[in-house]
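Atoms considered below: every heavy atom in the structure, side chains included; atoms not considered: hydrogens, waters and symmetry mates. What you are looking at is a predicted structure, and each value in this text was computed from that prediction instead of being measured.
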Amino acid sequence: MWAVTRAVLLMCVLRVWVMPGSDVSVDIEVIYQGWYGVLRTGTFPYDDVTWQYPPAAALAVLAPGLLPFLDYAPAFFVVCFLADAVVYALLLYAVRGGRRAAAGVWVWVVGVPLLGPIVYARYDVMVTAVAVAALLAAGRRARLSGGLAAFGALLKVWPVLLLVGTPRGPRTREAWGAAAATAAVLGLAFAATMPGALAFLTFQRDRGTEVESLGSLVFHLGRHVGWHGHARLHYGSVEFLGPYVHTMSRLALVLSVVAFAWLLLWRVRARRFTACTPYEAAFASVLLFTTTSRVISPQYVVWLLGLAAVCLTMGTTRQRLPIALVLLAAPLTQLEFPIWFSHVVASDKLGVATLTLRNGLLVVATLISCARLWRETVSLPEDPDTPDDPPAEKEPALLAG
């Protein structure tokens, strides 16, 4: 199943089989290859507003250079394919001998083709491979896990959230200490050797509301009732421009701050960490920040698929329903981009309905995931509202008393 589906994805990005809708390969052939030419000179593309990534992202963009016998775009697709294979191998290794549930491997095998060829046409699958390795190492090798999480954060920020569920005590100190040291060393190395390493911070700050985000639904619907804005390519993605867009972008940032505050509160209040907690906390936190972001690019869903796969290798996880909702959101994401992206940009009924359903699934998955994480770790078994202690188990103790 893995081999067949990945062969189809490669045929799609190599245009052996041309999919309907937008061409997912254009960004690699134009934008990424342009960055590659600049990065090879030893500097970041700091005068290009589409460069919005932490410094280690340069390694992902330069990686196709390891295959000099291929042109840049095919080499990039092959590197992404290899990253996909690494995730698959890591999951197979984790479940070897029946130690964990094989259902987690199936989430990755099935979820990636449901999301479509965008997985091989962006570098997010490389970041996901690092994140999956960090999360699987969390159980026994806290320092390695922290170092990998920090490296992932220097690739695309979000893997820093993998550390939120580390159990208190020595493992937290080891993981967070290793992460801080790794980030400091690598960050200083990039800043000292390549000009423009921190330019991405300014470009990220100035981004607006992207047409696939949760907040964009207000403007999609508004275009049908007299809102006089439009969708344009802006800061590397198609964003809404017009009245109230800046306000909506600010509101999205406020929601992300609220999400961060909730995670801090959860971390302080959590009293019971199980073997599943690091994985469930990572999945819930990344889902939370994906949903509240000003940008929900299609490739973001590959992050969730990787973390969901690791979660489901634990047979006792309580995140099964949110994972199922993310799997349902994956094919809808492929429909809204690339297949029906013109309908999304036009805000017609088909585009708005598809986007609303996809974003709605992500919102519901986020709420359920966070609620279950809270119940599992903050509410103790003796709490009356905790479902872990059904009445039938309490009655014998009462009778004995």
Side-chain angles (χ1 to χ4, degrees), residues 90-91 94-95 99-105 107-108 128 130-150 152-153 158-179 259-291 303-326 365-383 385-389:
L90 288 170
L91 291 169
V95 304
R99 297 179 0 177
R100 294 192 185 188
V105 186
V107 166
W108 184 254
T128 302
V130 175
V132 168
L135 209 50
L136 289 174
R140 296 185 177 182
R141 300 180 180 180
R143 290 190 179 89
L144 177 61
S145 177
L148 287 171
W158 67 266
V160 72
L161 296 171
L162 304 180
L163 300 173
V164 72
T166 308
R168 292 192 180 96
R171 286 169 64 184
T172 289
R173 292 191 293 271
E174 291 174 2
W176 292 14
F260 182 71
W262 182 87
L263 278 177
L264 285 179
L265 177 63
W266 170 80
R267 178 71 192 186
V268 171
R269 294 285 305 278
R271 293 175 285 177
R272 186 174 73 248
F273 287 76
T274 67
C276 294
T277 301
Y279 311 134
E280 294 176 337
F283 176 69
S285 59
V286 173
L287 186 55
L288 188 61
F289 277 94
T290 299
T291 305
W303 313 344
L304 302 174
L305 292 174
L307 300 183
V310 176
C311 257
L312 210 56
T313 62
M314 302 297 290
T316 56
T317 182
R318 296 292 299 276
Q319 297 291 323
R320 293 178 182 275
L321 179 55
I323 289 171
L325 294 175
V326 169
T366 301
L367 294 174
I368 295 174
S369 178
C370 291
R372 291 188 173 185
L373 178 66
W374 186 275
R375 284 201 306 268
E376 282 291 293
T377 56
V378 175
S379 301
L380 290 176
E382 62 266 27
D383 291 343
D385 59 342
T386 303
D388 296 331
D389 272 336

Test item: [X] and [Y] side chains (from C-beta on) under 4.5 Å apart, heavy atoms:
X	Y	answer
L144	L148	yes
L307	L162	yes
W266	V164	yes
T317	E280	yes
T274	M314	no
L263	F289	yes
W303	L161	no
W108	V310	no

When rounded to the nearest 0.5 angstrom, what distance separates [atom1] in [X] from [atom2] in [Y]?
X	Y	atom1	atom2	result
T313	Y279	OG1	OH	6.5 Å
R375	R272	CZ	CZ	11.5 Å
L325	L304	CG	CG	11.5 Å

Checklist entry - When you look at I323 and F283, which way does the side chain to side chain contact (heavy atoms under 4.5 Å, CB included) test go after all the steps? => result CA-CA 9 Å; I323 289 171; F283 176 69; 3.9 Å; yes
Checklist entry - Between S285 and A282, is there a donor-acceptor pair closer than 3.5 Å when you use the side chain of the first and the backbone of the second? => result yes
Checklist entry - Would you say the side-chain atoms of R320 pair up with the backbone N or O of G315, donor to acceptor, closer than 3.5 Å? => result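 It does hold such a pair.
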Closest heavy-atom pair and its distance - [X], [Y]:
X	Y	value
Q319	L373	NE2-N, 4.0 Å
S145	A137	CB-C, 4.0 Å
G306	V132	O-CG2, 3.9 Å
A101	L312	CB-O, 3.6 Å
V326	A365	CG2-CB, 4.4 Å
R372	P322	NH1-CD, 4.2 Å

Show me the donor-acceptor pairs, under 3.5 Å and distance only, between side chains in residues 172-179 and residues at least two apart or in other chains.
unit_1	atom_1	unit_2	atom_2	d
T172	OG1	T166	O	3.1
T172	OG1	P167	O	2.4
T172	OG1	R267	NH2	3.1
W176	NE1	L163	O	3.0

Next on the checklist: I'd like to know whether CZ of R168 has more than 12 heavy-atom contacts from other residues, nucleotides or ligands below 6.0 angstrom.
Outcome noted: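 Check passes, neighbour count above 12.
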Checklist entry - Is the number of heavy atoms from other residues, nucleotides or ligands within 6.0 Å of CZ (F273) greater than 12? => result yes
